[in-house]
Amino acid sequence: MKKKPTPLFVRNVIPWYLREGRDLPWRATRDPYAIWLSEIILQQTRVQQGLGYFLKFLETFPNVSSLAHASEDQVFRLWQGLGYYSRAKNLHKAAKIICDQWNGEFPKTFDELKSLPGVGDYTAAAIASFAFEFPKASIDGNVLRWTSRFLGSHAPIDDPKTKKTIQLLLDDWIQDASAHSFNQASMELGAIICTPKDPQCHHCPLSEECVAFQNSLTNELPIKAKKTKVKHQLVTALFIQDNQGNWAVSKRQDNEIWGGLYALPLLFTDDTSVDIALENLLQQFDLNAKDIVIKHTWTTSHLLTHRKLQVHIFSILLEDMPRNTYKFEKWIGVEAMKNLGFPKVFSDFYKHKGLL
DNA sequence: CAGACGTGGTG
DNA sequence: TCACCAAGTCT
């Protein structure tokens with residue numbers, strides 16, 4: 001009977017991580033709530049950007065119960081500026097589920113964790129391993145990158161089949177280690193050494209067996225099949241104030257961009273002119289272009305991952321008309337605004353107007 | 001399952 | 001300026 005050799009990753013990378021890994025607040029705890037919170041915040045988000053939000057959330061909501069009892073608006077407000085707002089929605093939803101259906105106690109297995117909204121393969125493995133030493137490899141962008149290079153694999157990392165292959169391999173390797181250390185080390189390697197550009201191969205604890213390094217392929221790998229292309233869109237919005245300075249806003253729906261946040265009444269268009277868009281927008285609210293006064297137009301451009309938005313905001317004065325004539329969802333002023341979440345493009349606008 | 005979903009940093 | 005990317009999930 002031959003004994004299976006310990007993988008190089010376990011022999012070299014985990015000691016490297018324990019020696020040189022960054023001190024991050026969620027690494028010092030085994031509290032599943034804090035770990036879950038950090039993992040949701042860090043989805044598609046850099047540590048630098050997420051860190052402040054993590055501390056803010058933990059201070060405001062120190063445990064799952066306090067989060068579950070908060071209002072949704074409060075959660076969105078705290079999430080404001082972080083992006084991917086469905087995460088905030090699901091965070092709040094999951095907190096309620098944990099309180100109501102799990103008696104406030106976190107589920108401990110991969111499958112149970114994955115049943116929570118906002119918790120997919122990666123996050124379920126992360127929470128299970130970090131909080132409970134459950135032996136499941138967490139596969140994120142970092143892990144796909146270093147494994148692709150280490151194995152010299154040309155399989156596209158944005159293909160779900162590739163992810164499954166890596167999952168099987170690392171689920172095997174993780175058996176020989178602390179699941180917590182294994183997964184932290186795995187992601188840290190991708191974040192610090194095996195970076196997308198200019199990887200630090202001469203400091204890499206895997207270089208002796210890395211196919212990409214041995215064959216000078218680190219610039220070619222990993223391969224991505226999908227190409228990103230930017231779509232140009234026009235955003236036309238109304239800043240409608242009444243004679244007391246309050247303005248109309250509405251809550252964005254879950255299935256659209258900025259879902260859960262508040263925004264000015266607006267219209268997305270692809271190929272229309274600003275004039276036509278404005279006309280259509282006014283019509284939506286039974287406003288006649290002849291009856292209104294446009295005081296000012298604010299224009300900016302806003303870059304998203306797959307979209308470039310040209311934004312036009314028309315400041316409109318309603319003269320002597322009772323505002324409840326109009327079917328806007330909500331009217332707010334400077335004070336009420338402080339408790340609601342707004343997309344970046346509108347907080348930029350509010351700053352410009354001196355309202356923020 | 002391809003496409004949608006944000007914001008900020010980098011070369 | 002701009003493509004690419006960051007501790008992914010949902011539909």
Side-chain angles (χ1 to χ4, degrees), chain A residues 17 21-22 24-27 35-54 76 79-91 93-94 113-127 129-130 137-146 156-161 163-164 167 180 182-192 194-199 219 222-233 235 252-261 263 268 301-309 341-348:
Chain A
Y17 160 72
R22 293 166 293 178
L24 299 172
W26 44 84
R27 286 181 173 163
I35 289 167
W36 165 62
L37 180 62
S38 74
E39 291 306 332
I40 302 298
I41 287 175
L42 290 169
Q43 286 169 6
Q44 295 289 280
T45 302
R46 289 166 198 277
V47 165
Q48 186 78 21
Q49 195 192 359
L51 190 53
Y53 285 84
F54 174 74
F76 278 119
W79 200 274
Q80 171 177 279
L82 195 53
Y84 284 141
Y85 297 97
S86 65
R87 290 183 293 171
K89 173 96 182 173
N90 287 330
L91 188 78
K93 218 172 169 184
L113 286 161
K114 217 192 130 175
S115 75
L116 296 170
V119 177
D121 284 335
Y122 161 77
T123 306
I127 302 170
S129 62
F130 298 154
S138 48
I139 314 293
D140 72 342
N142 288 313
V143 180
L144 288 168
R145 184 170 56 254
W146 75 252
I157 58 167
D158 51 356
D159 182 342
K161 286 198 290 278
K163 208 180 107 177
K164 275 180 199 164
Q167 183 83 62
H180 183 286
F182 184 98
N183 280 336
Q184 289 289 1
S186 175
M187 288 189 283
E188 190 76 345
L189 184 71
I192 300 301
C194 199
T195 49
K197 286 180 185 167
D198 195 23
N219 288 334
I223 307 254
K224 276 200 179 178
K226 297 177 198 156
K227 295 293 170 203
T228 60
K229 51 179 172 220
V230 176
K231 185 174 160 191
H232 290 252
Q233 286 190 312
V235 177
R252 305 279 302 161
Q253 295 305 301
D254 293 343
N255 60 347
E256 52 190 10
I257 191 170
W258 305 315
L261 300 190
F268 279 88
S301 84
H302 193 68
L303 194 61
L304 282 65
T305 302
H306 298 285
R307 298 199 243 187
K308 186 164 186 181
L309 307 180
F342 291 91
K344 168 95 164 51
V345 62
F346 295 117
S347 52
D348 285 350

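Naming: A, B, ... by sequence-line order, numbering from 1 per chain. Keep in mind that this is a model prediction, so the values were computed, not measured.
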What contact category does A:Pro160 fall into here, base, sugar-phosphate, or nothing, at under 4.0 angstrom with non-hydrogen atoms? nothing

From C:dT9, C:dA7, C:dC2, pick the nucleotide closest to the side chain of A:Ala191? C:dA7

To the nearest angstrom, the CZ-P distance between A:Arg46 and B:dG11 comes to 10 Å

What about A:Thr305: does its side chain form a donor-acceptor pair under 3.5 Å with the base of B:dG6? yes

What does A:Asp121 touch in the nucleic acid at a heavy-atom separation under 4.0 angstrom: a base, only the sugar-phosphate, or nothing? sugar-phosphate

Any donor-acceptor N or O pair under 3.5 Å, side chains A:Trp146, A:Ser186: yes

Check whether A:Phe268 forms a cation-pi arrangement with A:Arg307 (NZ or CZ under 6.0 Å from the six-membered ring centre, at most 45° off the ring normal). yes

In whole angstrom, give the distance that lies between atom CZ of A:Phe182 and atom C1' of C:dA7. 15 Å

When we call it a touch if two heavy atoms are under 4.0 Å apart, what does A:Leu303 touch: a base, just sugar-phosphate, or nothing? base

Sugar-phosphate only, base, or nothing, as touched by A:Gly81 at under 4.0 Å among non-hydrogen atoms: sugar-phosphate

Exam field: side chain A:Arg252 to backbone A:Ile257, donor-acceptor pair closer than 3.5 Å: yes

Looking for any heavy atom pair under 4.0 Å, which part of the strands does A:Val119 touch: base, sugar-phosphate only, or nothing? sugar-phosphate

Quick one: label A:Ile41 by what it contacts on the DNA or RNA (base, sugar-phosphate, nothing), any heavy atom closer than 4.0 Å. nothing

Heavy atoms under 4.0 Å, any strand shown: does A:Thr123 hit a base, just sugar-phosphate, or nothing? sugar-phosphate

Can you name the closest pair of heavy atoms from A:Ser138 and A:Ala126 and give their distance? CB-N, 4.0 Å

Nearest-Å distance once atom C1' is located in both C:dC4 and B:dG6: 15 Å

Report which part of the nucleic acid A:Ile35 touches: base, sugar-phosphate, or nothing (heavy-atom distance under 4.0 Å, all strands). nothing

Atom OH of A:Tyr85 and atom C1' of B:dG6 are separated, to the nearest Å, by 6 Å

Result for 5'-nearest mapping on DNA chain B, choosing between A:Trp258 and A:Gln48, is A:Trp258

Separation of C:dG8 atom C1' from A:Lys226 atom NZ, nearest Å, is 12 Å

From the list C:dA3, C:dA7, C:dA6, which nucleotide is the closest neighbour of the side chain of A:Arg27? C:dA7

Which of B:dG11, B:dT7, C:dA7 is nearest the side chain of A:His302? It is B:dT7

How many Å lie between CH2 on A:Trp146 and C1' on C:dA7, as a whole number? 15 Å

Between C:dT11 atom P and A:Asn255 atom CG, what is the distance in whole Å? 10 Å

Of B:dG8, C:dC5, B:dG11, the nucleotide closest to the side chain of A:Pro196 is C:dC5

Keeping A:Arg87 on the side-chain end and A:Ile41 on the backbone end, is there a donor-acceptor pair under 3.5 Å? yes

Grab the OH-C1' distance between A:Tyr122 and C:dG8 for me, whole Å please. 9 Å

Give me the atom names and distance for the closest heavy-atom approach of A:Cys194 to A:Pro199. CA-CB, 4.2 Å

By nearest heavy atom, map A:Ser38 and A:Leu116 onto DNA chain C; which one lands nearer the 5' end? A:Ser38

Under 4.0 angstrom, heavy atoms only, what part of the nucleic acid is A:Arg145 near: base, sugar-phosphate, or nothing? sugar-phosphate

Just call it for A:Leu304: base, sugar-phosphate, or nothing, with non-hydrogen atoms closer than 4.0 Å on any strand. base

Does A:Gln44 make a side-chain N or O approach to OP1 or OP2 of C:dA6 shorter than 4.0 Å? no

Whole-Å distance separating the NZ atom of A:Lys224 from the C1' atom of C:dG8: 11 Å

Euclidean distance for P, C:dA7 against B:dC5 (whole angstrom): 23 Å

Please tell me which of the listed nucleotides, C:dC10, C:dA7, B:dG8, lies nearest to the side chain of A:Trp26? C:dA7

Among A:Ile139, A:Asp140, A:Val143, whose side-chain contact (heavy atoms from CB on, under 4.5 Å) with A:Lys163 holds? A:Ile139

